[in-house]
Amino acid sequence: MSNSTKYVFVTGGVTSSLGKGIIAASLAKLLQARGYSTTIQKLDPYINIDPGTLNPYEHGECYVTDDGAETDLDLGHYERFLNVPTSQANNITTGRIYQSVIEKERRGDYLGKTVQVIPHITDEIKERIQLVAKNGKYDIVITEIGGTVGDIESLPYVEAVRQMMWEFENDCIVVHLTLIPYLSAAGELKTKPTQHSVKQLLELGVQPDVLCCRTEHELDFGLRQKIAKFCNVSVNAVIEARDASSIYDVPLLMHAEELDNVVLDKLGLSKKAKPNLDNWKSFLERLKNPKNDVTIGLVGKYVELKDSYKSISEAFIHAGVSNETKVNVKWIHSEELTPSNIGTELAGLDGILVAPGFGSRGIEGKIEAVRHARENNIPFLGICLGMQCAVIEFARNVLNLGDAHSTEMSEKTNAPVISMMEEQKKISNMGGTMRLGAYQCELKPKSNASLAYNTNKISERHRHRYEFNNDYLAAYETAGMMATGKNPNTGLVEIVEVPTHPWFVGVQFHPEYKSTVAQPHPIFVAFVKAALTNKK
Ligand code: GLN
């Protein structure tokens, strides 16, 4: 083990969406599999304090950590790959950096100095990078710089990297992810955009140590030599990053390219034994050779943009592998569902999931989908707003409370079965004002939830403002919808079930955030199993 923490910076060139998060997570996985404690951090160049206030259409899913940070969805990949929880420190935005510097300025911490991008903003960035290392005593911290090199907004981050490369000479490297496009008219892979992107980094004083080249075709030795020569990197540090059929293939592909060896060499770390990837390989083996398949309908309002439900789709992959089953997800737009088309739109599904969400758009379609699942004995999982829809549906159609609703959608409803807690009402800002992060929950023995978890005490992550209204609990339980999970400290209902139905579970929390390759989430595993039983 080394004495000092080592830093790997991952930058991106040529275009966005090259998959820096997956490359960073894959490298981290390989280093972890070699016995190095590794964490990943993402620095995002936008001005929002966090992505919590961002529309999912803009930025995909908002991922939530145990400590209640609303973060970039890449943190989900980090957790799914590494099986180590992340925290607020793992995702920093420009907004947060400036907020902190401005607070310091107002307090007078800078003693009358002019506050500037260099050194004050860059110092703040460097501090945040080193803070993750200190918090977890990690051997290696991988810091992914969001955006593309050359963007105005990422300049302070690249400058912070330049300074750290200078200050911690032997402990820092830069992995630059770039694109080698294929021109079909010429029948050739082209290296020029990569040369330019490396030049841009050089202008900013940063020489990359490793180039990961996204490509649709094989990068032959000649091309690697050419890239190496133009970009001042050794030829073995030109890594081919071919398109993969699954993101979970990428660690093995990177290992085959010896990315881990190159990185360890450059950091001066021992290569120790070969990485232990046995469990990972057996996961992939099962992923690629399913024995069954099921189709689950995901009813939501952001289905055009699948990144909005990233953690849910990944949780289905993990739970599918546990059940040796391929889970086909059918994306269903809740706005298009009506009582008259519901039978045809949801025909042939082995299970139905109603997704989390905010606001009224598509809400009636979601409630109809719950009714369809409940009345037709189709396994059902409702997550957060999906659970709230299950509660509303039951009130309207079983308790005969015709206009039952959540006060989020209808303030004047006569039956506010979902309503806001007193504490939430006091908070007026939009950002970071929900019930966020991990809360304890106690399960009712023998419920579907307790059978799934195989324990009666759990902790799950939340992100919502509204809650089950306990004034109605007795009426629900008499009519057959049970609260099978409760917060032991507040009495808030966290899980509802209908025991007479084959598998009907609504959870106020977000199980999808905690599903990883090493630990597929028990609720998803049980849901897929119920869908499989239903199919048979
Ligand atoms: N809009 C609901 C609430 O705030 C549910 C939120 C969610 O699904 N994440 O309570």
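As the structure is a prediction and not an experimental result, all values here were calculated from the model. FYI, side chains are in, hydrogens and waters are out, and symmetry mates aren't considered; it's all heavy atoms of this structure. Start at 1 and go down the list; that is how both ligands and their atoms are numbered.
Remark: the backbone N or O of Pro416 is paired with a side-chain donor or acceptor of Asn469 at under 3.5 angstrom. At distances below 3.5 Å, at least one donor-acceptor pair connects side-chain atoms of Lys301 with backbone N or O atoms of Phe358. Listed for the Ser515 side chain is no donor-acceptor partner under 3.5 Å among the backbone atoms of Pro511. The main-chain N or O of Ala355 is found under 3.5 Å from a side-chain atom of Lys366 such that the two form a donor-acceptor pair.
Taking any N or O of Met434, backbone or side chain, none lies under 3.5 Å from an N or O belonging to ligand 1.
In this structure, atom 7 (C) of ligand 1 lies nearest to the protein heavy atom Cys384 SG, 2.9 Å. Scanning all protein heavy atoms for the shortest distance to atom 4 (O) of ligand 1 gives Arg465 N, 2.9 Å. Annotation: atom 5 (C) of ligand 1 to nearest protein heavy atom, Gly357 O, 3.3 Å. Scanning the protein for heavy atoms near atom 10 (O) of ligand 1, the closest one is Tyr466 N, 2.8 Å.
Between Tyr476 and Phe394, the ring centre distance stays below 6.0 Å. In this structure, Tyr248 has its ring center closer than 6.0 angstrom to the ring center of His318.
Between Met420 and ligand 1 there is no heavy-atom distance shorter than 4.0 Å. Judged by the shortest distance from any of its heavy atoms, Glu467 lies outside the 4.0 Å radius around the atoms of ligand 1.
Taking a cut-off of under 4.0 Å to the non-hydrogen atoms of His510, the atoms of ligand 1 that pass are 9 (N). Interface of Glu408 with ligand 1, defined as ligand atoms under 4.0 Å from a residue heavy atom, comprises 1 (N), 2 (C), 3 (C). For ligand 1, the atoms sitting less than 4.0 Å from at least one non-hydrogen atom of His464 are 3 (C), 4 (O), 6 (C), 10 (O), numbered in the order shown with element in parentheses.
Only the side chain of Gln388 comes within 4.0 Å of ligand 1, judged by heavy-atom distances. The backbone of Arg463, and not its side chain, has at least one atom closer than 4.0 Å to an atom of ligand 1 (non-hydrogen atoms only; backbone = N, CA, C, O).
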Decide yes or no on ring pair (Phe, Tyr, Trp, His ring centres under 6.0 Å) for His521 and Phe316, but give the supporting numbers first. CA-CA 9 Å; His521 196 284; Phe316 274 131; over 10 Å; no
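Using a cutoff of 4.0 Å between basic side-chain nitrogens and carboxylate oxygens, Arg465 and Glu408 are not scored as salt-bridged.
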